[in-house]
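A quick write-up on the structure given underneath.
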Amino acid sequence: MKVLVAGLNHKIADVDVREKLAFTGSKLEEGLLRFTELPEVDEAIILSTCNRVELYANVSETEKASESIKTFLSEFHNINKDSLDNALYFYHDIQAVEHVFKVASSLDSMIVGEPQILGQLKDAFDLALSKKTTGFLLNKLMKKAISTAKRVRTETRIAENAVSISFSAVELAKKIFTDLSKKVCMLLGAGEMAELAAKHLISNGVREVLVANRTFERACSLAEEFHGIPVKFEEFLQEMVRADIVICSTGAPSYILMKSQMQKVMKERKQRQVFIIDISVPRNIDPEINDLENVYLYNVDDLQGVVASNLFERQKEAEKAEKIIAEELETFVKWQASLDSVPTIKALREKAEEIKKEEIDKLFHKLSGIGEKEREAIEYMATALVNKLIHPPTAALKEDSENRDLLVAAVRKLYGIDGEKNGE
Amino acid sequence: MGLILFEFCLTFYFASMIIGITELFKGSKTTSRLLIILAGVGFALHTISIVYRYVTAGHIPITNPHEATSFFAWCIVFLFFLLQFRYKIMLLSSFIMPIVFSLMLVSSMLSRVMKPLSPVLQSYWLGIHAVFAFLGNAAFALAFGIGLMYLVQEHYVKSKHHGGLFGRLPSLQTLDEINYRLITIGFPLLTLAIITGMLWAESAWGSYWNWDPRETWSLITWFIYAIVLHARLIAGWRGRRAALLSIVGFFTIIIAFFGIKLLQKGLHVFL
């Protein structure tokens, strides 16, 4: 009864390898069922995302199981088995549990702290539950991984601060303006990053989008996409008076907006704050504009700087997360150790002795008039009863049978000596 | 009794100030909640101590420097709580509680002896004039704190180095609007304080305006805030300029309040 993790992620495999091994769509369910049917595998979960493919299993013999998983993967995906030799990582026991915790907590992600992975892991677990491919070990592992991830999320600031340029633009806008839903955004020119930033701003509530482009047709089509208003490029300065956020990304070789022009715009705006994002290279907006009051100009490097420092912050938070994971790992290992037969036998014996003592005390309390001899006889009988009753389960647990894991779990459940709640 | 209440209140304000300052470096929900509770207990004690003094003295307790300073601090905390519940501004207490505690500390060092009221002060104008004046000044004190917060946040946004408070300080526009709102509350109160003061002066000394230093400084303060409001509406002086002006304005208030006391021989001698 050991946890085994087999898989690959963005760190060790390029996308062309990952896509070959991915379990997409209906292949996921089919793959999970075939994975469970492997004789070496007692429980199974498959996690397949764009950045990782991981197979979680409860196995008895790691070596044999690893080999059979490799065969399964190569057959299922029609890949040469030899080519998998160096493409996969295998973790077992504590390392495997630690890895799963890290994945769930998003410490193993491409962007540390990104929140999607936990949802993806939950989906994988839900599928396994509905197909009944998991048992008490992987169920426990998943629940613990999810609760660990939640602890990491609430006790560290790992998921705070944007780590992409477009999101950091939104975050900045929120630090300049109270309510984005009352703001007007202007898109000058077009480009992937500029459009992405505009999209994020819209999804964060920006009320209106003005689109100006050198070719008016392009402005019209972009405006349609954003439900905005096209603006003639020659008129962008007049329209800018209305704009609170300006995203600039034109291909112009020089500045299209000078300080003196901006000064006029600000005067007409009655100095209301403006956030200007100049994503273009070469820059399109005179950097001196940032010196104007209530104008906040960020270029690509500035935003990149924000992202870099946010990433650095996340890295620091990741260290705190590691500590949380270490703690949770310890409780998991303790729980797992309690599943061995020896501690189970001991716990069973203790439980029985406890009951015996309680009942004898109660009885003696009621029968205060009896003599020493009778007492001894009663105690003797109680001991005999207990011994006889717990002998068969004890013997079964000591026997080195194939189903020992199952028996341990059954005994614990039937006698109410669950690992963590021991003594309660 | 009054003494004990005052000392306890001082202690609670001190504790909340210390937490407020530590919050500038590292804060959590628990510490902010604790801070509000401590400040709240301090405020309750403060209120009781003022009421107690009112009952013992038989008139509103703002007739000597100790009482006046303490009442000023009370008004600031009162408005602070209103603002906090309305806007839930993180870190506001870090900027306000030091002002409150400093005022209370000054108050605690001044003579607490209750003297019989001079005839001039035995007037219903006393309460009206003083409450307008102190509430108005308290609004300006909060505008000062908000102005400081604005300058810090603006520095982060402008310089593109997002320091430790960047994430927790409110947005520039929020701070600017609160600053504006506070001044629009403080300014009419100050105006009313000046008008009631003039009426009182007329009834007490027979002339509306006597150019005593406090009157002069109040007029200066009034002009500064009039400029803040006017320039904002006409020329769009908002943001940084408004923040700076509200800081300058608060300094003139402090001068009017304490500075003059040190070298004055004017009509307002009782304060």
Side-chain angles (χ1 to χ4, degrees), chain A residues 154-157 159-162 168-183 241 244-245 263 265-278 287 289-310 312-313 316-317 320, chain B residues 23 25-31 83 86-92 146-147 149-181 227-245:
Chain A
T154 50
E155 290 176 28
T156 73
R157 296 192 295 152
E160 273 175 35
N161 304 327
S168 69
V170 175
E171 220 163 67
L172 268 162
K174 284 182 177 168
K175 281 297 172 194
I176 296 172
F177 304 112
T178 310
D179 185 0
L180 290 186
S181 70
K182 291 183 183 132
K183 299 297 159 197
V241 174
D244 305 290
I245 302 166
Q263 240 159 350
V265 171
M266 286 309 285
K267 209 172 168 192
E268 283 186 54
R269 282 178 60 78
K270 290 218 166 161
Q271 305 294 328
R272 277 181 294 125
Q273 290 96 335
V274 182
F275 178 29
I276 305 178
I277 304 154
D278 185 5
I289 280 179
N290 194 43
D291 299 339
L292 292 174
E293 260 182 67
N294 300 321
V295 179
Y296 306 97
L297 170 66
Y298 276 68
N299 65 33
V300 162
D301 281 5
D302 299 331
L303 291 176
Q304 218 117 43
V306 172
V307 167
S309 76
N310 286 353
F312 180 69
E313 283 301 312
K316 279 202 293 192
E317 292 302 308
K320 284 187 211 160
Chain B
E23 282 221 309
F25 302 96
K26 194 173 184 288
S28 72
K29 272 184 191 154
T30 7
T31 53
L83 205 61
R86 170 74 179 74
Y87 292 99
K88 308 217 166 13
I89 312 158
M90 275 181 157
L91 296 179
L92 177 63
I146 294 280
M149 290 167 85
Y150 185 94
L151 291 185
V152 173
Q153 184 71 313
E154 214 228 5
H155 173 75
Y156 288 143
V157 178
K158 206 61 156 181
S159 71
K160 290 148 195 181
H161 290 290
H162 299 168
L165 303 180
F166 174 77
R168 287 183 287 153
L169 283 171
S171 73
L172 291 174
Q173 199 194 351
T174 307
L175 290 168
D176 187 40
E177 281 170 3
I178 295 172
N179 183 287
Y180 175 59
R181 175 158 290 192
I227 290 169
V228 176
L229 290 178
H230 195 73
R232 186 186 187 96
L233 294 175
I234 302 301
W237 279 30
R238 61 182 76 232
R240 186 181 170 77
R241 288 188 194 194
L244 282 172
L245 276 178

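Lettering follows sequence order; numbering is per chain, from 1.
Ranked by heavy-atom pairs shorter than 4.5 Å toward chain A, the options G236(B), G239(B), S171(B) are led by S171(B). Chain B forms the most heavy-atom pairs under 4.5 Å with one residue out of R272(A), E171(A), K174(A), E313(A), and that residue is R272(A). Residue with the most contacts toward chain B among L172(A), V295(A), N290(A): N290(A) (heavy-atom pairs, distance under 4.5 Å).
Heavy-atom distances place the backbone of Y156(B), and not its side chain, under 4.5 Å from chain A. At a 4.5 Å heavy-atom cutoff, the contact between K175(A) and chain B is made by backbone and side-chain atoms alike. Residue contact with chain A, scored on non-hydrogen atoms closer than 4.5 Å, is absent for Y87(B). Looking at I234(B), the atoms closer than 4.5 Å to chain A (heavy atoms on both sides) all sit in the backbone: N, CA, C or O. For a residue to count as touching a neighbouring chain, one of its non-hydrogen atoms must lie under 4.5 Å from one of that chain's; by this rule R232(B) does not touch chain A. For N310(A), no part lies under 4.5 angstrom from a heavy atom of chain B.
More than 12 non-hydrogen atoms from other residues, nucleotides or ligands lie less than 6.0 angstrom from NZ of K320(A). In the displayed structure, R240(B) atom CZ is contacted under 6.0 Å by at most 12 heavy atoms of other residues, nucleotides or ligands. Residue R181(B) qualifies as open at atom CZ: its count of foreign heavy atoms under 6.0 Å is 12 or below. Open room surrounds CZ on R157(A); 12 or fewer heavy atoms of other groups in view lie less than 6.0 Å from it.
Listed here is the closest heavy atom pair of L233(B) and K270(A): O-NZ, 3.4 Å.
K158(B) NZ to L292(A) CG: the interatomic distance, rounded to the nearest 0.5 Å, is 7.0 Å.
Side chain of K160(B) to main chain of L303(A): no donor-acceptor pair is present (N/O by atom type, distance under 3.5 Å, no hydrogens or angles).
Under the 4.5 Å side-chain criterion, counting only non-hydrogen atoms from C-beta, E293(A) is not in contact with E154(B). Using a 4.5 Å cut-off on side-chain heavy atoms (C-beta onward), D176(B) and Q273(A) make contact. N294(A) places a side-chain heavy atom less than 4.5 Å from the side chain of R238(B). Using a 4.5 Å cut-off on side-chain heavy atoms (C-beta onward), V157(B) and Y298(A) make contact. Counting heavy atoms from C-beta outward, Y296(A) and L172(B) have side chains that approach closer than 4.5 Å.
When the side chain to side chain donor-acceptor pair (under 3.5 Å) test is applied to Q263(A), no partner is found at least two apart in sequence or on another chain. Residues passing the side chain to side chain contact (heavy atoms under 4.5 Å, CB included) test with S309(A): none are found, sequence neighbours excluded.
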Subject >> Worked verdict on K182(A) versus Q173(B) for side chain to side chain contact (heavy atoms under 4.5 Å, CB included) >> reply: CA-CA 12 Å; K182(A) 291 183 183 132; Q173(B) 199 194 351; over 6 Å; no
